[in-house]
Structure formats: structure tokens, C-alpha cells
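What follows is one structure encoded as C-alpha cells, with my remarks underneath.
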Amino acid sequence: MIIVKLGGSIITDKNKYKTFRLNETENIIKQLININDDFIIVHGGGSFGHIMAKKYKLPGKLSEKSLNGYTIVHNDMLELSIKISNLLLKYNINNIGIPVSSIIYNNKKNYNIFKKYFSMNIMPLSYGDVYLKNQNCLGIYSGDNIVYDLSRIFKPEKVIFISDVDGIYDKNPKKYSNAKLLKIVNKNNNFKSDNNDVTGGIMGKYKIMKKISKLGIKTYLINGFYPQRLNLIDNNEFIGTVVWSNAGD
Ligand code: ADP
Ligand code: IPE
């Protein structure tokens, strides 16, 4: 099994509120179904999640305003998820959307339903979303965190994060033309990240990739604008970043 995270940066234009990248997302899905393996997809929020979350100060204390934001962000995420669900259906992949609010309650997580659906050949489709952290606090659980939880449960052979950059660089490649791609990240690699996300950006992603790799699972970051690279994983021509436990701490 492979667990795939479709990053908000590739499935949406992160700078324009609710701009879905239909062609790019469809191309990735087409490539995924050609891989001869089961997969589970988790997706991020991009401009369906982060923009309104920031505006309504989420995650944060429960108030009338933040509760408004909670509903808006959840509904926007649902809208995005339905687009992805319909694309999957177009390629005959039956799926069921499972929001974070039905996984986490009162600090307890329950992923049993994922196993059930998966065993029935219905792909559980989850995504970063808002949830009630406790009586006073509204949280946001990122798609990357869900990927980590699912990796512990399903022990997939591979976890692939798909984003809008070739991999992890020593500094933000969108700002620095001399940024260098780090093919393998280990404890000797120091990279810089600037983050504009409510869920931690590339640094947060790297920390989660490292945690997943410690489960003994090879973890990749690749550029979704070139979905054919999905077929090059573990091949000499592979372009992307691999994080795995042998690579250091
Ligand atoms: P996603 O939305 O795909 O989950 P993020 O937006 O969290 O991913 O992270 C990807 C973004 O991180 C890229 O678009 C890139 O501009 C930015 N970034 C900042 N620093 C780096 C870095 N050192 N290496 C790669 N990307 C970086
Ligand atoms: C964030 O999920 C979801 C919300 C902001 C509601 P992610 O953190 O997984 O989203 P991306 O991939 O960075 O956009």
C-alpha cells in the first residue's frame, strides 16, 4: 500500500481563495491508478483552508467569530474534497470522505472506520480540517498529521507527499534561484523555510516525514506538476527528496 498526500500547494493555487487546479489534480490521479498498488489519498487545504483559517484566527480560542470561521473553513474543505472525490469516481475509485471532526473528539482519535472501508474496497478520503480540540479551543489537524496517523495504522510500503516543488531544498526555491535540491535529507542537512501556513509549511512537513521514516517507511516528496515522476521512485532518474531513517536522525 502507498499513502499519498496531495498538498494544497499543488491541488490549489494557494494565493487565490478557492482556486482548484483540476487538470493537475486529475493528472496525478491518472498516474496513481497506473501504479500497481493500493493507495489511500489524504489532501491538504491550500487556498480552501489556509486563507480563511488565518482570517478567522484558527486554530484558536472558541468565540462567536472563530466559530463562524470554523464553519466556513470546514465547508470550503468539504467543497474541495468533493471535487477530489468526484475525480476519483471518474476513474472508478469508490471513496468516502472522512473529516477530522469524525476522527478526533475530546483528544481521542479513532481511525477504525478507515480499516473497515479500506477492507471493503472503498477508499477512505481524508483531509486537513478543523475540529473541536476541547471545550474552549478550535483546532486544525493537518493532512500531514493524518498521513502520519495512517502510516502507523496501515504500515504502508511508501508514503508520498506531492507538492509544487521538486523536493526539499536548502532554502525556498521560489525565492532563491540558487537553492539546491536535497535528494536525501539527513541530520547534516540544514535547510531554511519560510512559512505562511497555519499548519507549519515545509518544516512541519519535514518533521512529519522524519517521524514516518522512523516507522521504517520510505517517505518521498515530489513535484505534482510532473506526475510521471511517481513512476521513477526508487529509480536512478528519480527527481525528488527521500527521507528515511538510515539517512540520520
Ligand atoms: P503543501 O501545500 O504541498 O502541503 P507546503 O505549502 O506546506 O506544501 O510546502 C511547500 C512550499 O514550501 C513550497 O511551495 C515552497 O515555496 C515552500 N518552501 C519554503 N522553504 C522551502 C524549502 N527549503 N524547500 C522546499 N520548499 C520550500
Ligand atoms: C490544512 O491542511 C487544512 C486547513 C487549513 C483547514 P494541510 O496543512 O494538510 O494543507 P496544505 O497541504 O498545507 O495546504
Side-chain angles (χ1 to χ4, degrees), residues 3-21 24-25 28 41-60 66 69-81 84 99-101 104 125-131 133 138-150 159-183 185 189-209 219-225 239-241 243:
I3 295 180
V4 178
K5 159 82 191 297
L6 298 178
S9 66
I10 183 70
I11 59 174
T12 77
D13 178 338
K14 267 192 152 166
N15 298 313
K16 291 189 200 132
Y17 181 50
K18 292 211 296 190
T19 310
F20 181 52
R21 289 201 177 119
E24 288 78 0
T25 310
I28 295 168
I41 290 181
V42 176
H43 68 82
S47 57
F48 287 70
H50 293 281
I51 294 175
M52 284 300 164
K54 234 170 274 166
K55 180 167 173 193
Y56 285 89
K57 298 196 171 30
L58 294 168
S66 69
Y70 186 82
T71 310
I72 292 168
V73 172
H74 175 66
N75 286 350
D76 289 349
M77 286 305 303
L78 203 52
E79 211 179 306
L80 175 61
S81 203
I84 293 170
V100 174
S101 49
I104 313 178
L125 174 67
S126 198
Y127 46 93
D129 199 5
V130 288
Y131 70 108
K133 204 166 181 185
L138 301 174
I140 291 186
Y141 207 67
S142 73
D144 293 10
N145 274 316
I146 298 171
V147 170
Y148 172 67
D149 294 342
L150 291 177
V159 171
I160 307 172
F161 289 86
I162 305 187
S163 194
D164 69 340
V165 282
D166 283 351
I168 298 177
Y169 285 75
D170 58 349
K171 51 195 167 200
N172 188 353
K174 287 195 189 151
K175 280 198 177 160
Y176 302 94
S177 57
N178 65 346
K180 283 195 198 74
L181 178 64
L182 306 172
K183 292 194 168 177
V185 180
N189 290 124
N190 250 329
F191 66 90
K192 291 196 179 67
S193 133
D194 32 24
N195 166 37
N196 203 22
D197 270 6
V198 295
T199 47
I202 196 91
M203 193 54 92
K205 189 180 300 300
Y206 169 64
K207 284 184 185 153
I208 285 179
M209 289 176 79
T219 309
Y220 305 82
L221 179 60
I222 72 165
N223 191 335
F225 286 118
I239 301 174
T241 296
V243 178

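Counting starts at 1 for both ligands and their atoms, in listed order. As a basis for the values below, the full set of heavy atoms in this structure was taken, side chains included, without hydrogen atoms, waters or symmetry mates.
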Ignoring hydrogens and geometry, is there a side-chain-to-backbone donor-acceptor pair from S81 to M77 under 3.5 Å?
-> no
If only atom types and distance count, is the side chain of S47 paired as donor or acceptor with the main-chain N or O of T19 below 3.5 Å?
-> yes
Hey, does H74 sit under 4.0 Å from ligand 2 if you only count heavy atoms?
-> no
Using non-hydrogen atoms of the residue, decide whether V73 is closer than 4.0 angstrom to ligand 2.
-> yes
Can you report which non-hydrogen protein atom sits closest to [atom], along with the distance?
{"atom": "atom 8 (O) of ligand 2", "result": "T199 OG1, 2.4 Å"}
{"atom": "atom 24 (N) of ligand 1", "result": "Y169 N, 3.0 Å"}
{"atom": "atom 25 (C) of ligand 1", "result": "G167 O, 3.4 Å"}
{"atom": "atom 6 (O) of ligand 1", "result": "K14 NZ, 2.6 Å"}
{"atom": "atom 10 (O) of ligand 2", "result": "G45 N, 3.0 Å"}

When rounded to the nearest 0.5 Å, the distance separating CD1 of I11 from CG of L80 is 4.5 Å
Quick one: CG on L221 to CG on L182, what's the gap to the nearest 0.5 Å?
-> 10.5 Å
Structural part of I202 in contact with ligand 1, heavy atom criterion under 4.0 angstrom | both
Just heavy atoms, cut-off under 4.0 Å: does A179 contact ligand 1 by side chain, backbone, both, or neither?
-> neither
Show me which atoms of ligand 2 lie under 4.0 Å from any heavy atom of [X].
{"X": "G44", "answer": "7 (P), 9 (O), 10 (O), 11 (P), 12 (O)"}
{"X": "G7", "answer": "12 (O)"}
{"X": "G49", "answer": "4 (C), 5 (C), 6 (C)"}
{"X": "G143", "answer": "2 (O), 7 (P), 9 (O)"}
{"X": "K5", "answer": "9 (O), 12 (O)"}
{"X": "G128", "answer": "2 (O), 3 (C)"}
{"X": "G46", "answer": "14 (O)"}

For ligand 1 and [X], I'd like to know whether there is a polar contact (N/O to N/O, distance under 3.5 Å).
{"X": "N172", "result": "yes"}
{"X": "S9", "result": "yes"}
{"X": "G8", "result": "yes"}

Any atoms of ligand 1 less than 4.0 Å from a non-hydrogen atom of [X]? List them with their elements.
{"X": "G201", "answer": "7 (O)"}
{"X": "D164", "answer": "13 (C), 14 (O)"}
{"X": "G7", "answer": "1 (P), 2 (O), 3 (O), 4 (O)"}
{"X": "S163", "answer": "1 (P), 3 (O), 8 (O), 10 (C)"}
{"X": "K5", "answer": "4 (O)"}
{"X": "P173", "answer": "24 (N), 25 (C), 26 (N), 27 (C)"}
{"X": "K171", "answer": "22 (C), 23 (N)"}

Validation row: [X], [Y] side chains within 4.5 angstrom (heavy atoms):
{"X": "Y56", "Y": "V130", "result": "no"}
{"X": "Y148", "Y": "V159", "result": "no"}
{"X": "F225", "Y": "D164", "result": "yes"}
{"X": "I84", "Y": "Y127", "result": "no"}
{"X": "I239", "Y": "N223", "result": "no"}
{"X": "P99", "Y": "H74", "result": "yes"}
{"X": "I51", "Y": "K16", "result": "no"}

Option from I104, I140, L138 for which side chain to side chain contact (heavy atoms under 4.5 Å, CB included) with Y131 holds | I104
Does the N or O separation between L6 and ligand 2 drop below 3.5 Å for any pair?
-> no
Taking all non-hydrogen atoms of both residues, which atom of [X] and which atom of [Y] are closest, and how far apart?
{"X": "E24", "Y": "I10", "result": "CB-O, 4.2 Å"}
{"X": "S163", "Y": "S9", "result": "OG-OG, 3.0 Å"}
{"X": "K5", "Y": "H43", "result": "CE-C, 3.8 Å"}

Within-shell test, K175 vs ligand 1, heavy atom, strictly < 4.0 Å | no
Does G44 come within less than 4.0 angstrom of ligand 1, counting non-hydrogen atoms of the residue?
-> no
Atom 1 (C) of ligand 2: which of K14, K54, H50 has the nearest heavy atom?
-> H50
Assess the side chains of D76 and Y17: does a donor N or O sit below 3.5 Å from an acceptor N or O?
-> yes
Does a side-chain N-to-carboxylate-O contact under 4.0 Å join K207 and D144?
-> no
